[in-house]
Amino acid sequence: SRPFEVLVGAAILLNAAFIFAEADFAARNPVKAMPTAFEILETVFFIIFCLELALRIWVFRCSFFFGHDWRWNCFDAALVLV
């Protein structure tokens with residue numbers, strides 16, 4: 001549905017901003033350990049994207065892997081699994 005796509009898109013944009021902030025911190029503080037907040041947020045985004053992938057597989061079933069958008073779906077699954 002459209003609201004689900006918007007929500008996932010927002011999560012992707014927030015994750016991109018988070019990755020930027022994390023990389024900026026690492027570049028400015030090469031000898032410092034990453035703050036715990038970064039590790040927690042990384043885990044939260046991982047859970048969000050795993051749930052999104054699981055929901056799409058559950059809703060689309062076999063067409064997730066064999067439907068019209070199977071290439072994008074497999075690419076998305078590979079990104080989450082890596």
Residue pairs involving residues 24-50 (criterion side-chain hydrogen bond (donor to acceptor under 3.5 Å, both in side chains); sequence neighbours excluded): D24-R28

Per-pair distances, 0.1 Å, donor-acceptor, side chain in residues 44-54, under 3.5 Å, sequence neighbours excluded:
residue: E52; atom: OE2; partner: R56; partner atom: NE; Å: 3.4
residue: E52; atom: OE2; partner: R56; partner atom: NH1; Å: 3.4

Evaluation steps, side chain to side chain contact (heavy atoms under 4.5 Å, CB included), between I57 and F65: CA-CA 8 Å; I57 290 172; F65 294 105; 4.2 Å; yes

Residues clustered with W72, ILVMFWY side-chain links under 4.5 angstrom: F75, L79

Aromatic contact, F18 with F38 (centres under 6.0 Å): yes

Within residues 2-20 or reaching into it, pairs that qualify as salt bridge (charged side-chain N to carboxylate O under 4.0 Å, His left out) - sequence neighbours excluded: R2-E5

Residues L55, F4; criterion side chain to side chain contact (heavy atoms under 4.5 Å, CB included); working and verdict: CA-CA 10 Å; L55 281 171; F4 182 75; 4.1 Å; yes

Between CZ on residue F60 and CG on residue N73, distance to nearest 0.5 Å: 7.5 Å

ILVMFWY cluster, W58 and F64 together (side-chain gap under 4.5 Å): yes

Side chain to side chain contact (heavy atoms under 4.5 Å, CB included) against L7, all qualifying residues, sequence neighbours excluded: none

Point-to-point distance, once rounded to the nearest 0.5 Å, from CG of D76 to CD1 of I12: 7.0 Å

